[in-house]
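Quantities reported herein were computed from a predicted structural model and do not represent experimental measurements.
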Amino acid sequence: MLSRRRRAFHLRRVMLAAGLWMKLRKRRRCAATSQQSSGSPLLTSTRRDTVDTMDDVEDVMDGAPSDDNLDPPQPRGPVRSRKPPMRKPCEEGETAPTGPKPRKILLLRSVFEGRPPVVLFTYTQACCADQRQLDRAVPADEEGPRMFYSHTDAVHQYNAVINILRQGGLYRVRAETNRWTVLWSLHPSPDQLRRFSPVQRTNHFPGSYHLGRKDLIWRNLAKMQQRFGKEYQITPQGYILPKAFLAWDAARLRQSDALWIWKPCSQSCGRGITIFSSDVPEDQLRDLAKKRGIVQRYIPNPLLIGGRKFDLRIYVVVLSYDPLKIYVNYEGLVRFATELYSESVETLQSRMMHLTNYSVNKQNPAFVQNLDGQGEEDKEDAAVDESGQPRASKWSLSELRIHFAREGLDFGALWEAMKDLVIKTLIAVEEPLKGEWCKTLGVEDGGWSARGPGGAHRGSCFEVYGFDILVDRNLKPWLLEVNICPSLSSGSPLDKRIKTKLVADVLTLVGVHPPTALWKLSPDSVHWPASGAAFPDENEAAAGCLLSEDGMAKRALKLASESPAEALALFDEVAWELVVETHEEEMRSGGLEMAFPCPGASRYVQYWGEESYCNLVLRKWQEAGGAAIFRSKKLPPWVPRQVCFRKT
């Protein structure tokens with residue numbers, strides 16, 4: 001016997017074959033218009049797995065979102081978008097089919113004249129985050145074409161991701177259809193990336209395991225340490241076993257009082273980690289000489305709060321590696337061990353004392369969830385109790401800032417040091433990632449300028465990283481590891497707020513461009529100059545993507561020796577497009593802070609073998625004044641005029 005879902009699909013095929021599909025769709029719209037005019041609510045399906053069965057083509061997969069009773073926030077004030085024409089009510093006796101409400105898309109106008117909008121992903125009401133500014137938001141016409149996303153089974157399906165994509169108005173399709181605008185999956189395969197169109201985006205760079213694997217990231221950082229010494233001492237000294245066993249054994253004998261931590265190369269959640277002193281038994285030494293992993297110096301003097309060890313989960317977003325565009329989320333997580341810290345060697349086997357992983361400490365009955373101020377008597381200060389102990393086993397970075405201010409510690413200096421650590425780490429892996437990019441596209445020497453046959457370019461990928469950082473008693477941050485697939489689960493109200501808001505901010509920052517046919521129906525979605533302008537090409541690639549490596553190298557030679565002001569005067573249309581694009585991204589970054597490019601970017605030039613043209617352009621722009629340049633009236637005529645100066 002066929003299941004209800006299979007019967008529904010079978011019924012639809014029969015209707016399509018009989019030519020009745022369009023007639024049914026027309027009746028539904030008539031019924032919806034009639035019921036709305038009479039004030040009665042539309043009927044909705046009660047089964048999520050059949051919601052879209054009679055409303056979409058066969059490859060549409062998802063049903064109503066988890067927050068399906070919540071409409072996206074609407075912008076204030078009158079909106080002059082075109083209203084759909086009223087249709088003739090259904091004739092008497094006709095039945096209105098059930099179905100979900102159409103999803104609403106909000107468009108975010110550019111801060112510049114004549115530039116197209118992007119999709120605005122607002123926060124769900126369920127996450128309890130303060131909504132971002134909606135001054136530039138314009139509802140898209142509901143009669144316009146639909147937009148799609150794909151979420152594959154290769155990665156865990158988090159509610160924070162699915163709910164934001166649905167609330168943004170996108171419908172889910174299978175990845176093989178290639179109809180999607182956003183692909184949420186693992187690293188794109190060569191076949192996938194070569195089929196990308198210029199407007200499609202995916203959430204991983206090819207080969208980012210050079211950053212996520214503990215052995216590979218140490219190898220990349222060790223190369224930089226050899227070249228630059230103390231400036232690149234941002235992670236504890238390490239040795240990749242078993243290849244470097246003899247080197248580590250010699251270091252162990254020289255440093256008899258040192259503590260060591262061994263980690264598997266590609267495990268997570270604290271699995272397989274062991275801590276031991278330099279006085280290692282012979283049987284354990286023989287075991288370490290055979291096991292594949294990395295052994296590092298254990299940091300013996302961590303900063304403590306209430307006598308407990310903690311680490312920081314800092315969320316970092318990379319939009320591209322050339323130019324290097326890095327954003328750091330203002331909020332993050334502070335994760336506590338659930339046992340009081342002791343320096344005694346006898347306690348090294350206590351995982352809940354020395355490891356701060358959530359997966360380890362949640363097993364302790366002493367673990368306390370952070371309710372994020374919901375239901376607590378003292379909502380203003382949920383950091384510590386009367387005895388100075390943390391009230392919860394997780395904090396937000398905002399709560400850590402409060403604690404630092406109370407204790408007289410300089411959080412601002414620590415924040416700048418952590419951003420410096422992030423920038424140096426990403427510069428260290430840029431070269432191997434560039435090689436993986438070319439390898440995936442099947443190009444030998446194209447560099448980041450290599451493009452796919454379908455239009456994939458250096459801006460087609462973005463990535464969210466979870467940097468795990470330990471702070472010692474001197475307030476020096478140490479990189480522990482980088483997660484290229486950080487958990488976005490909502491296990492507590494605190495996690496739900498921070499991670500849902502993060503996903504929405506990332507997708508808005510990336511810039512999901514709607515089809516021209518969609519925003520053409522909403523004239524207010526673009527600040528049109530008085531002189532008028534042509535509609536931009538929806539398939540236009542990121543700035544600088546059409547230039548070859550040789551072409552950019554020649555342009556870089558002209559700019560490198562010039563002062564910032566003189567270099568700015570030499571910028572051509574390609575350079576200005578890159579600058580405008582970068583500034584526009586920052587103006588829609590929400591709770592994300594641009595860490596690179598930055599005004600002091602010149603101190604990082606030495607870490608590249610050769611500064612790329614794109615990085616050089618953005619550095620000269622920042623040194624010449626950055627965003628303040630757009631308030632000047634002496635810009636070239638091809639630079640669009642900025643008409644909005646308020647960040648969203």
Side-chain angles (χ1 to χ4, degrees), residues 187 205-300 311 348 351 354-357 421-422 424-436 439 465-470 472 476-486 607 609:
H187 303 91
F205 289 92
S208 61
Y209 52 80
H210 286 279
L211 189 64
R213 281 182 59 103
K214 299 177 182 66
D215 55 344
L216 296 183
I217 188 174
W218 164 248
R219 185 175 298 162
N220 291 311
L221 290 174
K223 292 178 181 177
M224 303 299 277
Q225 282 188 8
Q226 291 175 0
R227 292 175 56 193
F228 301 105
K230 188 176 180 180
E231 295 180 22
Y232 247 91
Q233 289 182 358
I234 57 177
T235 191
Q237 179 67 32
Y239 303 86
I240 301 174
L241 303 184
K243 185 177 181 180
F245 175 79
L246 293 179
W248 169 70
D249 193 41
R252 176 184 67 85
L253 295 174
R254 289 194 307 269
Q255 306 170 49
S256 59
D257 59 342
L259 299 179
W260 305 90
I261 181 168
W262 184 92
K263 306 174 186 177
C265 293
S266 56
Q267 293 291 327
S268 59
C269 302
R271 288 187 290 267
I273 295 178
T274 57
I275 305 172
F276 47 87
S277 67
S278 291
D279 186 15
V280 184
E282 287 297 326
D283 57 341
Q284 188 175 356
L285 277 177
R286 288 193 296 269
D287 190 31
L288 289 172
K290 301 175 184 177
K291 293 172 63 176
R292 180 169 176 78
I294 179 172
V295 61
Q296 289 181 288
R297 279 290 302 267
Y298 182 73
I299 300 173
D311 77 346
L348 294 181
R351 293 170 59 81
H354 292 277
L355 301 184
T356 55
N357 303 73
L421 177 151
V422 168
K424 289 178 178 176
T425 302
L426 294 171
I427 290 177
V429 300
E430 186 267 338
E431 191 65 27
L433 260 64
K434 180 168 63 174
E436 294 289 344
K439 180 180 176 181
Y465 302 124
F467 275 66
D468 290 345
I469 296 175
L470 183 73
D472 67 18
K476 175 179 172 57
W478 294 92
L479 176 66
L480 301 181
E481 62 179 318
V482 179
N483 293 269
I484 60 174
C485 294
Y607 302 136

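Inter-residue side-chain proximity for His187 and Pro206 is flagged as unmet; no heavy-atom pair is nearer than 4.5 Å. Residues Leu241 and Lys291 form no side-chain contact, since every pair of their non-hydrogen atoms from C-beta on lies 4.5 Å or further apart. Looking only at side-chain heavy atoms (C-beta outward), Thr235 and Gln296 come within less than 4.5 Å of each other. A heavy-atom distance below 4.5 Å is found between the side chains of Phe245 and Leu285. Side-chain contact between Arg292 and Cys265 is present, with heavy atoms from C-beta onward closer than 4.5 Å. Leu479 places a side-chain heavy atom less than 4.5 Å from the side chain of Leu221. When side chains are defined from C-beta on, Asn357 does not count as touching Asp468, because their heavy atoms never get closer than 4.5 Å.
The heavy-atom pair separating Ser256 from Ser278 by the smallest distance is O-CB, 3.4 Å. Of all the heavy atoms in His210 and Asn220, the pair that sits closest is O-ND2, 3.3 Å. Closest approach of Ile234 and Lys424 over heavy atoms only: CD1-CB, 4.1 Å. Pairing each heavy atom of Pro486 with each of Gly466, the nearest pair is CG-N, 3.9 Å.
Of the inter-residue distances, the one linking Trp478 atom CH2 with Leu470 atom CG reads 10.0 Å to the nearest 0.5 angstrom. To the nearest 0.5 Å, the span separating CD on Gln284 from OG1 on Thr274 amounts to 6.5 Å. With values rounded to the nearest 0.5 angstrom, Phe276 atom CZ is found 9.0 Å from Arg252 atom CZ. Rounded to the nearest 0.5 Å, atoms CZ (Phe205) and CD (Glu436) are 13.5 Å apart. From Ile299, atom CD1 reaches atom CG of Leu259 across 11.5 Å, with rounding to the nearest 0.5 Å. Here the straight-line distance linking atom CD1 of Ile469 with atom NZ of Lys476 works out to 11.0 Å at 0.5 Å rounding.
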Pair Leu355-Ile275, side-chain contact (heavy atoms from CB on, under 4.5 Å): steps then yes or no: CA-CA 10 Å; Leu355 301 184; Ile275 305 172; 4.3 Å; yes
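With sequence neighbours left out, the side chain to side chain donor-acceptor pair (under 3.5 Å) criterion links Trp262 to no other residue. Taking the salt bridge (charged side-chain N to carboxylate O under 4.0 Å, His left out) definition, one finds that Arg227 meets it with nothing, sequence neighbours left out.
A cation-pi geometry, defined here as NZ or CZ lying under 6.0 Å from the six-membered ring centre and within 45° of its normal, does not hold between Lys214 and Trp218.
A salt bridge does not link Asp283 to Arg286: none of the charged nitrogens lies less than 4.0 Å from a carboxylate oxygen.
With Tyr239 contributing its side chain and Ala247 its backbone, the two residues share no donor-acceptor pair below 3.5 Å.
The aromatic rings of Tyr465 and Phe467 sit perpendicular, their planes meeting at an angle over 60°, well past the 30° parallel limit.
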